[in-house]
Amino acid sequence: MNLKIAVLPGDGIGPEISVQGVEVLKSIAKKFGHHFEFEPALVGAAAIDAVGDPFPEETYEICRRNDAVLFSAVGDTRFDNDPQAKVRPEQGLLAMRKKLGLYANIRPVETFDSLIHLSPLRKEVVEGADFVCIRELTGGMYFGRKEEGDDRAFDTNLYTRHEVERILRVAYDYARRRRHHLTVVDKANVLASSRLWRRVAKEMASEYPDVTTDFMYVDNAAMRMIQDPRFFDVMVTENTFGDILTDEGSVISGSMGLLPSASTGESTPVFEPVHGSWPQAKGMNIANPLAQILSAAMLLEYFDLADEGALVRKAVAASLEANVRTGDIQVEGLNPCSTSEVGAWITDYIDNAD
Ligand code: IPM
Ligand code: MN
């Protein structure tokens, strides 16, 4: 297969982990006889510094003309500490989502047996948890009409039937490929927008009789996720709730540094780690590259390269087994490996796999 991949390293540890994701894809291409081309582009603080815009037009064009985007992270402390900043790296991420029409954000929450002790939850509660959160990504309060005055401010949580329906389709399709259980998370006891979600979901449920649909208020879902995470298979929710719940999801597995995500929609899909840019570790070669590498696996799987994706996942699991791990997940008493050591071990594994 020929694939053209835009590479957006961004800020902080982004460039270091980005390299590892690209190297893994190169190894996979070689092994399976594919042809992957890579085109770099600026995003986030790196783009603000270079051209004054966190998602420049040129980056947009590059995303458009490639088949997929391998994204790393944006964010820089220089902007976090400056409430007056006119442009922020995060705006680049939001602009990318909106301009590429990336309405579906897919964030799997998986546990890894060898890392379960790092979970803040008891082993018997979290063991085997395996669910996917599908977060609506281009609507709701993030993009609704806003006003920001000195004495009054508001954000509008607007959703149209069309927006709700298309994200529910993505969620139902995921549920069909998994354990056929969909939980629609909302706040229908209070919010009109949530009641629209619920109405549309109830109408659609009859089209998917093989999927069990249930409804849960977001406050209850937040609680259920820590009490009984195995309850969930696929959950779907609006932008803001999804932002909050996926952060919760990313820590309960104990494997934050391992969680990838995909954002798909009307144009080029984007694959990125769930963790942020960790500016404090920039350039130190200590960041965990596994979430980026697993994002590359999601990219491969998106294009139906299932064996290729599986080999990447196998290589990652093998690196954990071999304790070739960065400091955040290394076993006590063992020396942590660097970002590039972990990456090189994984590409070696792929190169030498039979
Ligand atoms: C995320 C992030 C972003 C969001 C920020 C950086 C704008 O928290 O991808 O979850 O809120 O969507
Ligand atoms: Mn978030």
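In listed order, ligands and their atoms are each counted from 1.
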Tell me whether the centres of the aromatic rings in Y208 and H180 are closer together than 6.0 Å.
no
Under-4.0 Å heavy-atom contact with ligand 1, by part of Q91 that carries it
neither
Salt bridge or not for E203 and R199, using N-O below 4.0 Å?
no
Is the contact between R88 and ligand 1 made by the side chain, the backbone, both, or neither, using heavy atoms and a 4.0 Å cut-off?
neither
E23 with K26: basic N within carboxylate O range, under 4.0 Å:
yes
Electrostatic pair E57-K99, nearest N-O below 4.0 angstrom:
yes
Is the closest N or O pair between E90 and ligand 1 shorter than 3.5 Å?
no
Atom 1 (C) of ligand 1 [closest protein heavy-atom partner, distance rounded to 0.1 Å]:
R107 NH2, 3.4 Å
Just which atoms of ligand 1 are under 4.0 Å from any heavy atom in R97?
1 (C), 4 (C), 9 (O), 12 (O)
I'd like to know whether D130 forms a salt bridge (Lys or Arg N to Asp or Glu O under 4.0 Å) with R178, so could you lay out the CA-CA distance, the side-chain angles of the two residues, the decisive distance to 0.1 Å, and finally the verdict.
CA-CA 10 Å; D130 175 9; R178 292 176 52 96; 3.3 Å; yes
Please confirm whether R135 comes under 4.0 Å of ligand 1, counting heavy atoms of the residue only.
yes
Starting from atom 11 (O) of ligand 1, what is the nearest protein heavy atom, named by residue and atom, and what distance separates them?
Y142 OH, 2.5 Å
Measure the spacing between CD of Q292 and CZ of F71 and express it to the nearest 0.5 Å.
10.0 Å
Options D243, I244, N105, T246, ranked by nearest heavy atom to atom 10 (O) of ligand 1, top entry
D243
Give the intermediate values and the outcome of salt bridge (Lys or Arg N to Asp or Glu O under 4.0 Å) for residues R88 and E90.
CA-CA 5 Å; R88 295 171 178 281; E90 289 79 7; 5.3 Å; no
Looking at ligand 1, is there an atom of it that comes within less than 4.0 Å of some heavy atom belonging to E272?
no
Among the N/O/S atoms of D243, select the one at the shortest distance from the Mn ion (ligand 2) and name it.
OD1
